[in-house]
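One-based numbering, in listed order, for ligands and for the atoms of each. Computed over heavy atoms, backbone and side chain alike; hydrogens, waters and symmetry mates excluded.
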Amino acid sequence: MFEIGPIRLRPVEKEDMELVHKWENDFSLMLYSRGKPENMIPMESIIERYTEDRKNDRRRQYLIEHRESGKAMGTATIRIESWGNVRTGNIGTYLDKAYWNRGLGKVITLALLELSFYFMNLDKCEAYSIEYNKRAHKVLETCGFRRGGVHRKGAYVMGRTWNWYFFDILREEYMPAREKLIKSILGHQADEYLATTQVP
Ligand SMILES: CC(C)(COP(=O)(O)OP(=O)(O)OC[C@H]1O[C@@H](n2cnc3c(N)ncnc32)[C@H](O)[C@@H]1OP(=O)(O)O)[C@@H](O)C(=O)NCCC(=O)NCCS
């Protein structure tokens, strides 16, 4: 379990497959998350992916829970890649629509950065996001990601093409900015979190 501010990240378990199936077939959620909302996923594929993930440590999917109520709110994923010998975490997340716009996306992104850099010693993190997903772009930029290249007209959704944007942040950019970012995102819960990230 990894607790940070109002949320807890824990491994996705077999019993969560119903929830993952519901979220990953929610048209309005996948419109933003995958840019392929019509590309529905049968339960069997979700279970296959879960089984594949158990065979190695490359794709880590966490269930996001609200610490106080224990409610499951969404998932967050780090896919570890090593193209060009640079250890990179490709991050992604989605939240049930009921929880959007409450500041949780920023906390989740911070959690993924902490796991990637402070715990896993990765060299960089990256994320892809479709052109119209302004909410996600704001969250990524607030957490220190920079918008880099554009995959032009790389998606066709709702009758037209859209660009994909690429965002990234380097370890050497994150580490010096870490404490300030934690304080600005977690507010009064920052000291509690920072204390848990020191070896006793
Ligand atoms: C993306 C997602 C994880 C963000 O989580 P969230 O809890 O809604 O985000 P937050 O509340 O932390 O922050 C949202 C920010 O976007 C801003 N925002 C919201 N709508 C916006 C818009 N249309 N244009 C610009 N900014 C917008 C908010 O004002 C807020 O910024 P602020 O805190 O500086 O004011 C969540 O909305 C989600 O699951 N979306 C669907 C799946 C998805 O898009 N996944 C990411 C794929 S890259």
Close-contact set for ligand 1 against N133 heavy atoms, below 4.0 Å: 43 (C), 44 (O), 46 (C), 47 (C)

Quick one: does R54's side chain have a donor or acceptor within less than 3.5 Å of a partner on R49's backbone? no

Do the ring planes of Y32 and W100 sit parallel (below 30°), tilted (30 to 60°) or perpendicular (above 60°)? perpendicular

Heavy atoms of the protein only: does one fall short of 4.0 Å from atom 34 (O) of ligand 1? yes

Member of R59, R60, K55 meeting the side chain to side chain donor-acceptor pair (under 3.5 Å) criterion with D57: R60

Would you say that more than 12 heavy atoms from the other residues, nucleotides or ligands in this model lie under 6.0 Å from the CD of E68, or not? no

4.0 Å heavy-atom contact, A127 with ligand 1: no

At a 4.0 Å threshold, what atoms of ligand 1 neighbour a non-hydrogen atom of Y94? 39 (O), 42 (C)

Give the atoms of ligand 1, by number and element, whose distance to some non-hydrogen atom of R102 is under 4.0 Å. 11 (O)

For K138, the ligand 1 atoms with a heavy-atom partner under 4.0 Å come out as 15 (C), 16 (O), 17 (C), 31 (O), 32 (P), 34 (O), 35 (O)

Does a side-chain N-to-carboxylate-O contact under 4.0 Å join E81 and R58? no

S129 N/O to ligand 1 N/O under 3.5 Å: no

How does V139 reach ligand 1, by side chain, by backbone, by both or by neither, if only non-hydrogen atoms under 4.0 Å count? side chain

